[in-house]
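Take a look at the structure below.
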2 protein chains.
Amino acid sequence: MLQGVLADRDAWSPVGECPIEKTMSAVGAKSSMLIMREAYYGTTRFDDFAKRVGITKAATSARLSELVNVGLLTKRRYQEPGQRARDEYVLTDVGVDFMPVVFAMFQWGREHLPNNRKLELTHLDCGADARVEVLCDNGHRVPLDELGMKLVRRSRAR
Amino acid sequence: MLQGVLADRDAWSPVGECPIEKTMSAVGAKSSMLIMREAYYGTTRFDDFAKRVGITKAATSARLSELVNVGLLTKRRYQEPGQRARDEYVLTDVGVDFMPVVFAMFQWGREHLPNNRKLELTHLDCGADARVEVLCDNGHRVPLDELGMKLVRRSRAR
DNA sequence: CGGGATCCCTAGCGATACTG
DNA sequence: CAGTATCGCTAGGGATCCCG
């Protein structure tokens with residue numbers, strides 16, 4: 001299983017070229033993941049992040065700055081009538097693209113770690129339960145033992 | 001987007017009941033993710049993990065023990081003819097279930113972080129490119145802005 | 001409300017040396 | 001080859017206080 005790509009793996013391991021390693025270095029802090037969870041729930045304000053994630057404001061500040069730098073969130077100035085201007089942190093497209101990471105963790109943890117409360121992902125349009133899977137261009141659900149990797153030559157735009 | 005579940009969120013945040021937080025606590029170290037990457041490539045031996053992940057043997061030992069405790073890997077004794085018995089670390093079903101986490105990170109990092117080399121996931125059976133997505137029980141690909149959560153009463157077996 | 005500054009503790013990790 | 005033991009560094013993060 002997956003043995004066929006062993007030769008290619010040496011092309012980027014262990015010298016820091018691996019996207020997984022870079023992702024973990026950039027946003028791999030536990031509180032970063034939890035801040036992103038809150039962002040998906042609609043949280044945008046500094047103190048709300050701090051309270052709901054359960055970390056100090058110092059940590060919140062540090063993590064939010066990192067997430068803005070990496071591009072998952074963006075800082076936006078807003079002004080409520082009669083109030084002074086404040087900052088809020090809103091999801092970017094890059095941040096939305098990060099959802100599979102957070103929800104795959106959510107799904108695995110819910111399934112395989114001891115917990116009492118249960119939450120399910122749902123497709124809001126049709127109401128059915130949903131989960132993270134690997135899908136190929138021909139529309140097949142890819143069992144994880146049929147998954148391979150290949151090197152391609154150059155960067156491709158989205 | 002996703003605002004409808006705000007009330008439910010307070011049911012498990014921030015008191016450590018969140019599956020994402022538990023997952024990060026259990027296997028959230030960067031080298032744990034890289035060890036899992038190697039496991040998916042077929043690596044099973046101690047020194048191979050250490051070399052290919054690029055960490056010391058002390059760190060390798062600590063991470064492997066954690067991964068075995070959590071159940072992602074299992075320790076197996078083997079014996080090559082003419083050699084003495086050795087240990088190897090092999091993927092469990094729980095470990096295979098963790099693949100979406102690692103590959104979602106792989107996918108996001110490859111897409112959104114600066115890098116030169118490119119790798120693609122492929123469906124080995126049909127050869128088509130593959131990616132991590134959210135899928136509902138009715139077979140719809142769920143756009144991430146149509147994703148919701150709901151609380152369910154009790155644990156369900158797989 | 002939205003932070004920044006300071007102090008301190010802990011976990012992840014590298015380096016090195018030693019064991020069977 | 002497959003580890004264990006020790007040391008020291010650094011980043012994540014809590015606690016507390018202060019500021020506009």
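So you know, we letter chains A, B, ... as the sequences are listed, proteins then strands, and number each from 1.
Each end of the helix from C:dC1-D:dG20 to C:dG20-D:dC1 gets its own axis from five base pairs, and the two axes differ in direction by 40°, given to 10 degrees.
Of the possible donor and acceptor atoms, none in the side chain of B:Ser61 sits under 3.5 Å from a partner among the backbone N and O of B:Lys57. Between the side chain of B:Thr43 and the backbone N or O of B:Ala39 there is no donor-acceptor pair closer than 3.5 Å. In this structure, B:Thr23 contributes its side chain and A:Met105 its backbone to a donor-acceptor pair below 3.5 Å. Here the side chain of B:Tyr40 pairs a donor or acceptor atom with the backbone of B:Met99 at under 3.5 angstrom. For the pair B:Glu38 (side chain) and B:Val53 (backbone), a donor-acceptor distance under 3.5 Å is absent. When atom types are taken as modelled, the side chain of A:Thr92 and the backbone of A:Leu72 share a donor-acceptor pair closer than 3.5 angstrom. Listed for the A:Trp108 side chain is no donor-acceptor partner under 3.5 Å among the backbone atoms of B:Pro100.
Nucleic acid contact for A:Tyr89: sugar-phosphate only, since backbone atoms but no base atoms lie under 4.0 Å from a heavy atom of the residue. Counting non-hydrogen atoms under 4.0 angstrom, A:Asp87 reaches the backbone sugars and phosphates but no base.
At whole-Å resolution of the value, CZ in A:Arg86 and C1' in C:dC1 are 4 Å apart. C:dG12 atom P lies 14 Å from atom CG of B:Leu34, rounded to whole Å. Going from atom CZ of A:Phe46 over to atom P of C:dG4 covers 7 Å, rounded to whole Å. Computed from coordinates, the A:Glu88 CD to C:dG2 P distance equals 9 Å when rounded to whole Å.
In the hydrophobic clustering of this structure, A:Leu34 groups with B:Leu147; members are Ile, Leu, Val, Met, Phe, Trp, Tyr whose side-chain heavy atoms approach within less than 4.5 Å, directly or through other members. A chain of hydrophobic side-chain contacts below 4.5 Å, direct or via other Ile, Leu, Val, Met, Phe, Trp or Tyr residues, connects B:Phe106 to A:Val70.
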Test log, rule salt bridge (charged side-chain N to carboxylate O under 4.0 Å, His left out), inputs B:Glu133 and B:Arg131: CA-CA 6 Å; B:Glu133 291 193 19; B:Arg131 81 211 59 71; 3.2 Å; yes

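Near DNA chain D, defined here as any heavy-atom distance below 4.0 Å, there are no residues from residues 67-78 of chain A.
Both A:Glu66 and B:Ser65 lie close to DNA chain D; mapped to their nearest nucleotides by heavy-atom distance, the more 5′-ward contact belongs to B:Ser65.
Side-chain contact, B:His140 with A:Asp125: no donor N or O sits under 3.5 Å from an acceptor N or O.
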Sub-3.5 Å pairs of nitrogen or oxygen atoms, protein against nucleotides 13-17 of chain C:
{"unit_1": "C:dC13", "atom_1": "OP1", "unit_2": "B:Ser31", "atom_2": "N", "d": "3.3"}
{"unit_1": "C:dC13", "atom_1": "OP1", "unit_2": "B:Ser31", "atom_2": "OG", "d": "3.3"}
{"unit_1": "C:dC13", "atom_1": "OP2", "unit_2": "B:Ser31", "atom_2": "OG", "d": "2.4"}
{"unit_1": "C:dC13", "atom_1": "OP2", "unit_2": "B:Arg63", "atom_2": "NE", "d": "3.1"}
{"unit_1": "C:dG14", "atom_1": "OP1", "unit_2": "B:Gly54", "atom_2": "O", "d": "3.1"}
{"unit_1": "C:dG14", "atom_1": "OP2", "unit_2": "B:Thr56", "atom_2": "N", "d": "3.0"}

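Pairs engaging residues 43-87 of chain B under the ring-ring contact (aromatic ring centres under 6.0 Å, His included) rule: none recorded [sequence neighbours left out]. Within the structure, every pair that satisfies the salt bridge (charged side-chain N to carboxylate O under 4.0 Å, His left out) test and touches residues 66-75 of chain A, not counting sequence neighbours, is listed here: A:Arg63-A:Glu66.
Running 5' to 3' along DNA chain D, contacts with non-hydrogen atoms of chain A at under 4.0 Å begin and end at D:dG12 to D:dG20.
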